[in-house]
Amino acid sequence: VQLQASGGGLVQAGGSLRLSCAASGRTFSSYAMGWFRQAPGKEREFVAAISWSGGSTYYADSVKGRFTISRDNAKNTVYLQMNILKPEDTAVYYCAARRGGALPPSIRAVVAATGYDYWGQGTQVTVSS
C-alpha cells in the first residue's frame with residue numbers, strides 16, 4: 001500500500017489543523033493505521049493509532065484530548081484532527097499502516113514504529129507561539 005499525507009502547514013498556537021493520509025489499493029480496511037511525528041533533532045514518536053474498523057484508538061499522552069484520529073474506509077483515508085496546537089507539536093507528521101487490521105494488545109507494540117509496515121512521506125506542521 002502507498003500512503004500520501006497532506007494537510008500540514010503553519011498555524012498559531014491554539015489553532016487547529018486536519019491531516020489526511022490517502023492510501024492506494026483495495027485492502028485499506030485490512031490495515032490498522034497510525035500517525036507518528038518527528039521534530040528536528042529528535043526521534044520519531046508515536047502520536048495516535050486506529051484499528052481497521054475505527055473501533056479502537058490509542059493516543060500518546062501528549063496529544064490525548066487535543067487530537068482525534070479517524071478513518072473513512074470508503075475513501076481509503078485516515079485523518080488526524082489536531083486542536084489546541086502547541087509549539088511543541090511542531091514536527092513532520094507521518095502516517096503508517098500495519099498489517100492485520102487490529103491494534104495489538106500490547107501498548108508497547110502499538111507505539112513502536114517498527115511494527116508498521118508502510119509509511120507515507122510526511123507533512124510538515126509548524127506551530128508558532
Side-chain angles (χ1 to χ4, degrees):
V1 62
Q2 292 184 325
L3 305 174
Q4 180 76 34
S6 61
L10 173 64
V11 64
Q12 288 188 331
S16 298
L17 281 175
R18 188 176 80 156
L19 305 183
S20 298
C21 176
S24 64
R26 303 178 182 178
T27 59
F28 175 71
S29 60
S30 66
Y31 293 90
M33 300 296 295
W35 286 97
F36 289 75
R37 67 187 181 187
Q38 187 166 19
K42 295 187 176 182
E43 293 188 353
R44 190 170 297 189
E45 66 173 358
F46 170 82
V47 176
I50 188 167
S51 63
W52 71 275
S53 66
S56 296
T57 57
Y58 187 75
Y59 298 91
D61 287 343
S62 59
V63 307
K64 200 173 295 183
R66 299 188 298 123
F67 290 12
T68 302
I69 189 170
S70 62
R71 65 190 295 162
D72 185 338
N73 288 339
K75 296 182 178 180
N76 282 11
T77 302
V78 63
Y79 305 98
L80 186 68
Q81 178 67 45
M82 306 186 295
N83 299 327
I84 318 175
L85 282 161
K86 304 175 181 180
E88 51 264 43
D89 295 319
T90 295
V92 177
Y93 283 70
Y94 299 88
C95 59
R98 65 184 300 145
R99 298 188 191 98
L103 294 182
S106 163
I107 298 303
R108 182 175 296 182
V110 173
V111 306
T114 53
Y116 292 77
D117 303 292
Y118 304 96
W119 292 83
Q121 87 289 359
T123 185
Q124 176 71 47
V125 172
T126 303
V127 184
S128 63
S129 57

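What's counted below: heavy atoms across the whole structure, side chains too, no hydrogens, waters or symmetry copies. In this text the structure is predicted, and so the values were computed from the model without any measurement.
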Report summary line: By side-chain hydrogen bond (donor to acceptor under 3.5 Å, both in side chains), Ser16 pairs with (sequence neighbours left out) Asn83

Query raised in the report: Just checking, Arg98 and Tyr116: is the charged tip under 6.0 Å from the six-membered ring centre and within 45° of the axis?
Result: yes

**Report entry** Tyr31 and Arg99, any side-chain heavy atoms less than 4.5 Å apart
**Finding:** yes

Query - Heavy-atom side-chain contact between Gln4 and Gln121 under 4.5 Å - result: yes

Query raised in the report: Near Lys64 NZ, under 6.0 Å, is it more than 12 heavy atoms from other residues, nucleotides or ligands?
Result: yes

Query raised in the report: Which pair of heavy atoms, one from Cys95 and one from Ala5, lies closest together, and at what distance?
Result: SG-CB, 4.1 Å

Query raised in the report: Between the side chains of Gln124 and Thr126, is a donor N or O closer than 3.5 angstrom to an acceptor N or O?
Result: yes

Query raised in the report: Is any side-chain N of the basic residue among Lys86 and Asp89 closer than 4.0 Å to the acidic one's carboxylate O?
Result: no

Report summary line: OG (Ser56) and CD1 (Ile50) are apart, to the nearest 0.5 Å, by 9.0 Å

**Report entry** Leu17 and Leu85, any side-chain heavy atoms less than 4.5 Å apart
**Finding:** yes

Report summary line: Here the gap from Asp72 atom CG to Tyr79 atom OH, rounded to the nearest 0.5 Å, amounts to 5.0 Å

Query raised in the report: Shortest non-hydrogen contact from Asn73 to Ser29?
Result: ND2-CB, 3.7 Å

**Report entry** Nearest non-hydrogen partners of Ser20 and Thr77, listed with the distance
**Finding:** CB-CG2, 4.2 Å

**Report entry** same_hphob_cluster(Val11, Leu80) at 4.5 Å side-chain heavy-atom cutoff
**Finding:** yes

Report task. Measure across Ser51 and Ala102 and return the closest heavy-atom pair with its distance rounded to 0.1 Å. Result -> CB-CA, 4.4 Å

**Report entry** Short side-chain to backbone donor-acceptor contact, Ser106 and Ala109, under 3.5 Å
**Finding:** yes

Report task. Check step by step if side-chain contact (heavy atoms from CB on, under 4.5 Å) holds for Gln12 and Val127. Result -> CA-CA 5 Å; Gln12 288 188 331; Val127 184; over 6 Å; no

Requested in this report: State yes or no: do Trp52 and Trp35 share one hydrophobic cluster built from I, L, V, M, F, W and Y residues joined by side-chain heavy-atom distances below 4.5 Å, directly or via other members?
Outcome: no

Query - Co-membership, hydrophobic cluster, residues Tyr58 and Met33, 4.5 Å side-chain - result: no

Query raised in the report: Should Leu103 and Val78 be regarded as members of a common hydrophobic cluster, given that ILVMFWY residues are connected when their side-chain heavy atoms come within less than 4.5 Å of each other, either directly or indirectly?
Result: no

Query raised in the report: Taking the six-membered ring of Tyr94, is the NZ or CZ of Arg37 close enough (under 6.0 Å from the centre) and on axis enough (within 45°)?
Result: no

Report task. Give the other cluster members for Leu10, using side-chain heavy-atom distances under 4.5 Å between Ile, Leu, Val, Met, Phe, Trp and Tyr residues; answer none if it is isolated. Result -> none

Query raised in the report: What residue among Ile69, Leu19, Val63, Val111 forms side chain to side chain contact (heavy atoms under 4.5 Å, CB included) with Val47?
Result: Val63

Query raised in the report: Any idea which heavy atoms bring Asn76 and Ser24 closest together, and the distance?
Result: ND2-C, 4.4 Å

Query raised in the report: Which heavy-atom pair separates Ala60 from Phe46 by the least distance, and what is that distance?
Result: CB-O, 3.5 Å

Query raised in the report: If you draw a 6.0 Å radius around CD in Glu45, do more than 12 non-hydrogen atoms from other residues or ligands fall strictly inside?
Result: yes

Query raised in the report: Is the Lys NZ or Arg CZ of Arg71 less than 6.0 Å from the centre of Phe28's six-membered ring, within 45° of the axis?
Result: yes

Query raised in the report: So, for Trp119 and Phe36, is the gap between ring centers shorter than 6.0 Å?
Result: yes

Query raised in the report: Do Tyr59 and Val110 share a hydrophobic cluster (ILVMFWY, side-chain heavy atoms under 4.5 Å, transitive)?
Result: no

